[in-house]
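Data block below; observations after.
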Amino acid sequence: MIRLYNTLTRKKEEFQTLEPGLVKMYVCGVTVYNDAHVGHAMSALVFDIIRRYLEYRGYKVKHVMNYTDVDDKIIARARQLGEDPLALSQRYIEEYANELKSLNILPATSYPQVSKTMPLIIEFIQGLIQKEAAYAAPNGDVYFSVTGDPDYGKLSGRKLEDMQAGARIEVGEAKGHPMDFALWKAAKPGEISWDSPWGRGRPGWHIECSAMNLAELGEQIDIHGGGNDLIFPHHENEIAQTESYTGKPFARYWIHNGMLQIGSGEKMSKSLGNFVSIKDFLKQRDADVMRMLVLSGNYRAPLIFTDETQDAAEKSLERLKSALRPASPSASGLAAEAASALASQAENTKQAFIEAMDDDFNTPLALAALYELVKAINTARGDGATDEQLKPAQSMLRELTGVLGLRLQEKQGSGDADKFIDLLVEVRSEIRKQKLWQLSDLIRDKLKELGVTIEDTKDGAKWRWS
Ligand SMILES: [Zn+2]
C-alpha cells in the first residue's frame, strides 16, 4: 500500500484512486518567457519519479502538465524583444520540451496551453458569476469573491482575517475585498487580448489551471502537484475556483516539492537572477546527475545545489555503475551457495526498495537499499563471480534504477578503463619490486580517488571498483 503526504490534510495517507488502477495527475508547469532553470528541472523530476513509480506499481497514469503562455512577464519580455508574445512563448515551450527530454523525463499525456483554452476559461468564469462566487467590476475585470467561500484558506492553513491584515486594494483595482483575486483582467492598451462578455481582456493566472484541469481530467482528480511556493495563493485559489464551480472536492492528494536552493540558502529563481539554466547545466554534467541530486534527498525538503552536492551525486552514480560492469576476465566462478545468496539478496533489495518508495516516495532509503546490492555485486565480482552469476543481481539493479529514471550510461570509452587499471596495477607491482614505495603509494592513492581500491595480497595486488 502506497502512503503519501497530503498537503491538504498535513499527514501521510493511504493512496486510493478515484477509479481503480488509474491515476489522474495534474502538475503546474512553467511560465514560458525565458530559459528554464534547474529549479524547474527539480519539480519536473520529482513528478516524473512519482509517475514512474506509480506505473511500476501497476497504475496507468494520466499526467497533465500545463504551459502558461499568456502572462504579464511574457508580455513584458515580448515587448522588450519586439516579438509577438505567443511566438515568444511557443519558442520557449519547444526549448523546454527538448530539455525535459534530455533529462529523461517521460512525456506527459497532454500539455494544455492557456492561449488554446480561452473558450473554456470564459465559460468557467461565467459559471462562477452565475453561482455568485465571482463578480464583474465596472472596469471590465472579474474577481473571485473570497468571502463567499467558507473554506477559503484550507490548503495553506491561513485564515482570511489574518491574510487581510497585510493586504490592501491597490489603486486601479476594482475589488470588493483585498483578498479577492482576478479571474479576468481588462486589456490595457496594446496588450494581447481576447473577446469576452466583459470586454476584451485576458485570464488571471489561477483560473487557467482550474479550466485546463477540467478540460483534461474532469471535475475530480487524484493528485495535484507543484512546487511548495505554489501552495499560496495559486493552489489555494485553484481549489476555491474549482470547488465553487463543481460543488465537489477537487484533488484528493496535494503533493508539493521543496525548493531548489543555492549554497547560501537562497531560493533559485528567475526574478532573483541567481539561476543556472537547464541548458548550461547539461553542458557541464550528465542528466543523471540532476536526477541523482533529486533522488538523494526527500522531495519535500529543499535541494541544495552546489558544486559539492553535484560532485557527490556524480560519485553516487559511479558507485551504481561500478556494479554493472562485467566479471573479471580471470573469473573462476563462485561456489553455488555464494551465487544463490547473491540472487536472493537481489530479491530482498526489491522488497526493501518497494517498501521505501511506498512510504511517501522515500528515495534516499530506496537508494540505500540499492547501494547494499552494489556492495554485494562488487564483492562477488572480486571473489571471482562469472557474468552468469552476476547477472540476476545486475538485472535487478538495472530494473530498479530504471524505475527511478536513471540511465547509468558509461561515458564514451570508459568501458576500456579496466584494461588501463590492469596495466597500472602491473606497473605498480614492478615499482614495488624496486622498493619505490612513495611512487607506488601515489598510484594507489590516486586510483582510490577515482574509485578503484587496490589490495596487496600474498598472491599479488588485486583491484576492485569501490
Ligand atoms: Zn497551476
Side-chain angles (χ1 to χ4, degrees), residues 6-8 23-34 36-37 39-48 50-51 62-74 89 92-93 96-97 100 105 108-118 120-122 124-125 128 134 144 146 149 152-156 181-185 202-246 249-259 269-271 299:
N6 188 356
T7 308
L8 186 61
V23 179
K24 296 181 187 179
M25 177 167 90
Y26 185 96
V27 182
C28 290
V30 292
T31 302
V32 274
Y33 69 100
N34 207 333
H37 61 70
H40 301 121
M42 177 198 181
S43 185
L45 281 163
V46 163
F47 290 97
D48 182 62
I50 289 175
R51 173 202 172 159
K62 261 186 154 177
H63 172 196
V64 177
M65 195 197 85
N66 72 295
Y67 284 118
T68 298
D69 63 350
V70 180
D71 170 90
D72 288 337
K73 289 174 194 144
I74 297 170
S89 51
Y92 281 113
I93 286 173
Y96 190 57
L100 294 184
I105 287 168
T109 318
S110 61
Y111 299 94
Q113 292 173 230
V114 182
S115 65
K116 297 176 181 168
T117 318
M118 223 42 88
L120 184 66
I121 290 174
I122 291 169
F124 205 120
I125 297 172
L128 287 172
F144 184 89
V146 292
D149 182 5
Y152 186 76
K154 67 177 172 184
L155 180 68
S156 57
F181 55 90
L183 300 173
W184 189 261
K185 297 175 179 178
R202 61 193 167 87
W205 174 31
H206 316 298
I207 191 69
E208 62 180 64
C209 280
S210 283
M212 288 188 274
N213 235 308
L214 186 66
E216 302 292 330
L217 296 172
E219 293 184 336
Q220 292 184 286
I221 63 171
D222 297 292
I223 295 176
H224 196 311
N228 64 17
D229 56 340
L230 297 181
I231 296 173
F232 190 89
H234 186 53
H235 288 166
E236 192 73 72
N237 293 352
E238 268 192 59
I239 295 192
Q241 293 160 163
T242 300
E243 295 189 352
S244 298
Y245 185 73
T246 66
F250 177 23
R252 243 176 142 139
Y253 307 96
W254 289 81
I255 301 185
H256 292 100
N257 63 273
M259 290 292 104
S269 80
K270 285 184 209 171
S271 47
Y299 75 87

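Counting begins at 1 with the first residue of the sequence. For ligands, and for the atoms within them, numbers begin at 1 and follow the listed sequence. Note that the structure is predicted; figures quoted are calculated from it, not measured.
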Exercise. Are any side-chain N or O atoms of Thr109 and backbone N or O atoms of Val64, one a donor and one an acceptor, separated by less than 3.5 Å?
Worked result: no
Exercise. Within less than 2.8 Å of the Zn ion (ligand 1), any N, O or S from Cys209?
Worked result: yes
Exercise. Strictly under 2.8 Å, is any N, O or S atom of His235 next to the Zn ion (ligand 1)?
Worked result: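 No.
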For this session: Could you give me the CA-CA distance, side-chain angles and deciding distance for Glu219 and Thr246, then say whether side chain to side chain donor-acceptor pair (under 3.5 Å) is met?
Result: CA-CA 7 Å; Glu219 293 184 336; Thr246 66; 5.2 Å; no
Problem set entry | Geometric class of the Tyr96/Tyr67 ring pair [parallel <30°, tilted 30-60°, perpendicular >60°] |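 Perpendicular.
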For this session: Indicate the ring-plane relationship of His235 and His256, choosing parallel, tilted or perpendicular according to the 30° and 60° boundaries.
Result: tilted
For this session: Name whichever N, O or S atom of His234 ends up nearest to the Zn ion (ligand 1).
Result: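 In His234, the N, O or S atom with the shortest distance to the Zn ion (ligand 1) is NE2.
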